[in-house]
Amino acid sequence: MIGLVLTGCGESKSTSRPKNKITWMQSSELSSMDISKMTDMISDTTLNGSNEGLLRMVKGNKLIPGVAKSYHVSKDGLTWTFNLRRSEWSNGTPVTAKDFVYSWQRTITPRTAGEFAYTFDHIKNAKAINAGKMAPSKLGAVAKGNDQLIVHLTKPQSYFKYLVSQAYFFPQSQAAVKKFGTKYGTTSQDMIYNGPFKLTGWTGTNDTWSLVKNNRYWHKDAVKLDQVKFQVEKDPSTVINQYQSNKLDVAVLSGQQVQQYRHSKQLHIRKNAQMWFMEMNQKKHPFFRNSNIRKAISLSINRKQFTKKVLQDGSTPSKGFVALGLGRRHGKEFADEAYVKAAVTNNAKKAKQLWAKGLKQTGKQSVTFTLLADDTDSGKRSAEYIQSELTKLPGFKVNVENLPFKTRLTRSSNGQFDMVLSSWTGDYPDPMTSLSNMTSHSSYNNGKWTNRQYDRLIAEAEGRDANKPQQRWQDMVKAEKVLANDEGIVPLYQAAVPQLVKPGIKSIQFFPESPEWDWSQVYKSE
C-alpha cells in the first residue's frame with residue numbers, strides 16, 4: 001500500500017506503441033473540471049494532472065513545493081505564509097496569489113454550492129461566508145502582491161499543509177471563469193491549466209480525453225510523458241481485447257479476470273484508501289432513522305464472501321469508515337484502534353432479531369426500496385450481491401437501479417435515492433479526511449445521518465484538542481466507534497485495483513491516501 005513500481009520485464013511487448021505516450025483506462029466518465037464544483041475521483045485525478053496547488057504530495061506522504069516555493073507557519077499555528085514562484089497558466093498569463101484567494105472565495109460562496117466548502121472551515125470567516133452571513137472578500141486569505149499568500153486560521157490545523165495540495169485548493173483565474181461563463185470547466189477548451197499537462201479532447205460527454213504536456217509548466221523538464229490518453233471501458237471482455245491488441249497500456253480487470261492472469265508479471269494489484277459503503281436516505285425515509293433497522297442491514301451482509309467470492313479483486317472487508325493507511329500513532333493503525341468488529345461482522349440470526357424489532361418500532365410489516373449503484377461491472381455485481389443479502393430479511397424487497405457514474409453521483413448529492421452504494425477516497429493521511437464527511441452539516445453526508453455525540457467529538461478534535469495529538473486521536477477514535485455502533489452508514493470494503501500494465505511502463509508515484517498518479521513521473525522505458 002505504500003508504493004508501486006511497475007517495471008518492464010517478463011513478457012513480450014509490442015514496439016509499435018509511442019514511447020512517450022500511454023493509453024490509460026478509466027471505468028467511468030469524466031464529470032467536471034470546475035475546481036469549485038468537482039466531487040469525484042476521476043475528475044480529481046484529471047485535475048491533479050492538469051493543475052497544481054501550493055504544494056504537491058508525493059510518495060510516502062511527503063510534501064514538495066508546487067506553486068509555492070516555500071512556506072512558513074507561525075508558532076501558534078494560526079498564520080500560514082506561502083511564497084510563490086513565478087509560474088504561468090496555459091494561456092501565458094501569470095499565476096498569482098490573487099488566483100488562490102479568488103478560487104477559495106468562489107468555492108465557499110453559497111451560490112457556487114461547492115461540496116468541498118467545508119474543508120475551508122478553519123480559515124477565518126469561511127463558515128460565515130459559506131452560510132451567506134458575510135461577504136467572500138472577508139475570507140482570511142490575503143494576497144500580498146502577486147507572490148505571497150497569507151492565510152489566517154481560526155484554530156490550528158496540523159494537516160492544513162496537506163489540504164493545500166488537494167485539487168479543491170487549487171488556484172483559479174477570475175478572468176478565465178468570467179470568459180467561459182457557464183461553460184467553465186465543462187469541456188477541455190473551456191478551462192486553462194497551470195499543471196504538468198493540459199486537458200484536450202474532452203467535450204463534456206465523450207468517453208475519451210487526453211492529458212498533453214504543458215510547455216508553460218514551471219517544471220516542464222521533469223515531466224516524462226508527452227501524452228496520457230484516457231479511455232472509458234466498462235465491459236470486462238472489451239477491456240482485455242483492447243489491452244491485448246495494444247490499444248490500452250493499462251487495463252483494470254474484473255474480479256473473475258484476476259485469476260486468469262494471476263501468474264502474469266503484468267498483473268499489479270494496488271491497494272488504495274477508497275472505502276465503499278452503503279448510505280440510507282434518512283431524510284427521505286424515516287424508516288432508516290431507526291438504528292435497529294440500520295444495524296440489521298449491516299449484520300445481514302457477509303463481507304468476507306462479498307470480497308472473496310463476488311469482487312475477487314484483492315479488496316478487503318472494511319473495519320470501519322476510515323481506511324487502513326490513513327492514520328497511525330505509536331505504531332498502531334487508526335482503523336485497527338477504532339475497529340468495532342460486531343458492527344461489520346455477518347450475524348444473520350441477530351440481524352433478523354433486530355429487523356423484527358425495528359419493523360415493530362416503525363409500524364411496518366414489509367418495505368420496498370431501490371438500491372442505486374454504478375453501471376460498471378463491479379457496480380452491477382455488488383448491487384446484485386447486496387440485494388440478495390438484504391432480501392433474506394423478512395418482508396424486505398430490494399430493487400436495483402444501475403446508473404452511469406455521473407448520474408449516480410448527481411442523484412446521491414441531491415438526495416434522490418433510497419439506498420446507494422457510494423465510495424470515499426482519503427485525500428490526505430489523517431482520519432479526518434473521512435470522519436469530517438459524516439458530521440450533520442457535511443455536504444457529503446448524503447444519507448443525512450445525525451448524531452450529536454459524533455458532532456461534538458469531531459468539533460473537539462478540530463478545536464479544543466487540535467494541538468493535543470493524543471487527545472485529538474482519542475476524539476477521532478471515539479467518533480469512529482459512535483458511527484460504527486449506530487451504523488450511520490454500512491461500511492462494506494476497502495478497494496483494491498487489479499491492473500494489467502504493459503512492460504516498460506514505470507511509475508515511482510503512488511500513495512495510499514489518494515488514487516492519483518503523478519503523471520509527471522510516469523513514463524515508458526522501451
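Keep in mind that what you see is a predicted model, and the values were worked out from it rather than measured.
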Step-by-step ring pair (Phe, Tyr, Trp, His ring centres under 6.0 Å) determination, Y217 to F197 | CA-CA 8 Å; Y217 179 52; F197 296 88; 8.5 Å; no
Do the charged groups of K247 and E233 touch, with an N to O distance under 4.0 Å?
-> no
In terms of heavy-atom contacts, does NE2 of H152 have more than 12 from other residues, nucleotides or ligands at under 6.0 Å?
-> yes
Should S36 and E115 count as side-chain neighbours, where that means a heavy-atom distance under 4.5 Å?
-> no
Is it true that the side chains of S440 and D455 contain a donor and an acceptor less than 3.5 Å apart?
-> yes
Whether S442 side chain and M438 backbone form a donor-acceptor pair below 3.5 Å = no
Drop me the distance from L149's CG to T81's OG1, to the nearest 0.5 angstrom.
-> 8.5 Å
Hey, mind stepping through H441 and Y118 against ring pair (Phe, Tyr, Trp, His ring centres under 6.0 Å) and telling me if it holds?
-> CA-CA 9 Å; H441 63 274; Y118 72 95; 7.6 Å; no
Flag the pair D374 and R408 as a salt bridge only when some basic side-chain nitrogen lies within less than 4.0 angstrom of an acidic carboxylate oxygen.
-> yes
Tell me whether the centres of the aromatic rings in F160 and H122 are closer together than 6.0 Å.
-> no
Using residues 133-142 as the side-chain source, report each donor-acceptor pair under 3.5 Å to any protein atom, sequence neighbours left out, with the distance given to one decimal.
none

Determine the minimum heavy-atom distance between T23 and L248, stating which atoms define it.
-> CG2-CD2, 3.7 Å
Is it true that F116 and Y444 have ring centroids separated by less than 6.0 Å?
-> yes
Just by distance, with hydrogens left out, do T93 and N91 show a side-chain donor and acceptor under 3.5 Å apart?
-> yes
Are any side-chain N or O atoms of R111 and backbone N or O atoms of R106, one a donor and one an acceptor, separated by less than 3.5 Å?
-> no
Would you check if the distance from the ring center of F120 to the ring center of F169 is below 6.0 Å?
-> yes
Donor-acceptor pair, side chain of N414 and main chain of Q416, under 3.5 angstrom = no
In plain terms, say whether E279 and K448 are close enough for a salt bridge, that is, a side-chain N and a carboxylate O under 4.0 Å apart.
-> no
With a cut-off of 6.0 Å (strictly less than), are more than 12 heavy atoms of other residues, nucleotides or ligands near NZ of K229?
-> no
In terms of side-chain geometry, is the basic nitrogen of K234 or D207 positioned less than 4.0 Å from the acidic oxygen of its partner?
-> no
Examine the side chains of S43 and D40 and answer whether a donor and an acceptor come within less than 3.5 Å of each other.
-> yes
Side chain to side chain donor-acceptor pair (under 3.5 Å) pairs touching residues 177-189, sequence neighbours excluded, are Q172-Y184, T187-D190
Using the ring of W89 (Phe, Tyr or Trp, six-membered ring only), decide whether R216 places NZ or CZ under 6.0 Å from its centre and within 45 degrees of its axis.
-> no
State, without any angle test, whether T203 and N206 hold a side-chain donor-acceptor pair at a distance under 3.5 Å.
-> yes
Can a donor-acceptor pair be found between the side chains of W218 and E52 at a distance below 3.5 Å?
-> yes
Pair K380 + E384: basic N to acidic O under 4.0 Å = no
Atom CZ of R86 with >12 non-hydrogen neighbours under 6.0 angstrom | no
Would one find more than 12 heavy atoms of other residues, nucleotides or ligands at under 6.0 Å from atom NZ of K69?
-> no
Return yes if some donor-acceptor pair links the side-chain N/O of Q257 with the main-chain N/O of P236 below 3.5 Å, else return no.
-> yes
Hey, does the side chain of S103 reach the backbone of D99 with a donor-acceptor pair shorter than 3.5 angstrom?
-> no
Do S423 and Q274 have a side chain donor and acceptor closer than 3.5 Å?
-> yes
